[in-house]
Amino acid sequence: MALLQVSSLSCGYHSLNVLHDIHLDVEPGQQVVLLGANGAGKTTLLKCLIGLIPTSSGHIMFAGQDITEWPPSERVKGGLAYLSEVGVIASLSVEDNLNIGGYYLSRQERRQQLQRLFEQLPLLYEKRKDPAGSLSGGQRKILGFAKVLMGKPQLILMDEPSSGLAPVMVNEMISMLKTYRSSGPAFLIAEQNIKFLEGTDDVYVLDNGQIRFHGTPNDLDADAHVKAAYFGLN
Ligand SMILES: Nc1ncnc2c1ncn2[C@@H]1O[C@H](COP(=O)(O)OP(=O)(O)OP(=O)(O)O)[C@@H](O)[C@H]1O
């Protein structure tokens, strides 16, 4: 059974639908990429899935439950996490940001998870008392990633992890995804950067609020029409 199953979903802002009839699945442990240009509706879809924007029609099933009407806090408690492009609170310390990510864990679990992440990401341990705003853009992205991992989610919704990152940090982010995928969570990643197709199981192409393509990265690579129409590739 799919971990996330989105069917006939429409949503938008102030009674104006931006997304139309979206169907999308994520299986446990999968990495799924949602590709689309600026304004295609990627952020809107992720916000709708986490509950920050209400659904106009359709259904969102997660871990066997219909969460379409659930508030964001219940979705997070249920194992869904959302990492926005910003991802961290600049005025709070690195450690406080991480503890916010583990808000729904018991005190003991939170302590253990914090220790585990500090061991895996020594940079965050070194900077644990520093305000998140003092970190470089790349370090902030890593902190944002660690912050969502703190809550031990089953599925992480990531909004443009590459935005504002130098190419070397994009590679670092891709290798972090590889590392953490093997330890459990599934990922739905909204991106414009096709580098994120590396290690990806499934791809959806979103254009003007509609899914125009769904398949594996190999299927996408073989589809000259989609490549030319949406990515200017021959
Ligand atoms: N708060 C809002 N109120 C009204 N319309 C909005 C709002 N936010 C986004 N939109 C519109 O919804 C459409 C989809 O925007 P969205 O931000 O979801 O796209 P995106 O694919 O994430 O693009 P980007 O990469 O630029 O963030 C756009 O036409 C945008 O102008």
Side-chain angles (χ1 to χ4, degrees), residues 4 6-26 31-60 62 67-68 70-73 75-76 80-90 137-138 140-141 144-145 147-148 153 155-167 169-171 173-174 177 186-198 200 202-215 217 220 223 225-233:
L4 177 75
V6 177
S7 48
S8 311
L9 183 82
S10 298
C11 72
Y13 307 91
H14 324 292
S15 77
L16 180 72
N17 277 344
V18 166
L19 300 175
H20 311 278
D21 196 28
I22 302 290
H23 291 261
L24 178 149
D25 285 355
V26 181
Q31 177 169 303
V32 176
V33 168
L34 181 65
L35 281 178
N38 280 333
K42 303 179 300 295
T43 300
T44 305
L45 178 53
L46 297 191
K47 283 186 173 170
C48 187
L49 296 179
I50 197 68
L52 293 172
I53 298 175
T55 299
S56 317
S57 59
H59 288 278
I60 306 168
F62 178 68
I67 63 164
T68 316
W70 289 18
S73 56
R75 298 183 198 207
V76 172
L80 200 53
Y82 171 58
L83 177 55
S84 70
E85 281 185 55
V86 183
V88 300
I89 302 170
R140 253 180 294 192
K141 287 277 181 189
F145 192 16
K147 185 176 163 211
V148 291
L155 173 61
I156 301 178
L157 310 171
M158 286 183 114
D159 200 359
E160 295 216 33
S162 75
S163 84
L165 287 185
M169 283 309 298
V170 170
N171 292 338
M173 187 54 82
I174 290 170
L177 279 166
F187 291 91
L188 175 59
I189 304 167
E191 258 300 339
Q192 302 192 38
N193 188 336
I194 56 171
K195 270 191 130 180
F196 279 78
L197 295 184
E198 202 181 307
T200 286
D202 232 6
V203 191
Y204 290 82
V205 175
L206 189 65
D207 174 51
N208 211 6
Q210 288 181 294
I211 301 288
R212 308 287 187 184
F213 170 90
H214 170 219
L220 179 65
D223 194 324
H225 170 70
V226 170
K227 276 181 15 182
Y230 300 114
F231 307 107
L233 301 171

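Atoms within each ligand, like the ligands themselves, are counted from 1 in listed order. These numbers come from the heavy atoms of this one structure, side chains and all, not from hydrogens, waters or symmetry mates. Computed from a prediction, not measured in an experiment: that's the story for all the values here.
The closest protein non-hydrogen atom to atom 26 (O) of ligand 1 is Asn38 OD1, 3.1 Å. In this structure, the protein non-hydrogen atom closest to atom 19 (O) of ligand 1 is Gly41 N, 3.2 Å. For atom 18 (O) of ligand 1, the nearest protein heavy atom (residue, atom name, distance) is Thr44 OG1, 2.5 Å. Atom 25 (O) of ligand 1 has Glu160 OE2, 2.7 Å as its closest protein atom, hydrogens excluded (heavy atom only). Here the heavy atom of the protein found nearest to atom 11 (C) of ligand 1 is Tyr13 CE1, 4.1 Å.
Only the backbone of Ala37 comes within contact range of ligand 1, with a heavy atom under 4.0 Å; no side-chain atom does. When heavy-atom distances to ligand 1 are checked against a 4.0 Å cut-off, Thr43 comes that close through both its backbone and its side chain.
Of the polar atoms of Val18, none of the N or O atoms is found under 3.5 Å from an N or O of ligand 1, judged by distance alone.
Remark: atom 9 (C) of ligand 1 lies closer than 4.0 Å to at least one protein heavy atom. Shown here, atom 21 (O) of ligand 1 is in close reach of the protein: a heavy atom of it lies under 4.0 Å off.
Counted within 6.0 Å of NE2 on His23, heavy atoms from surrounding residues, nucleotides or ligands total more than 12; the atom is thus considered enclosed.
Residue Gln192 has at least one heavy-atom neighbour below 4.0 Å for each of these atoms of ligand 1: 25 (O).
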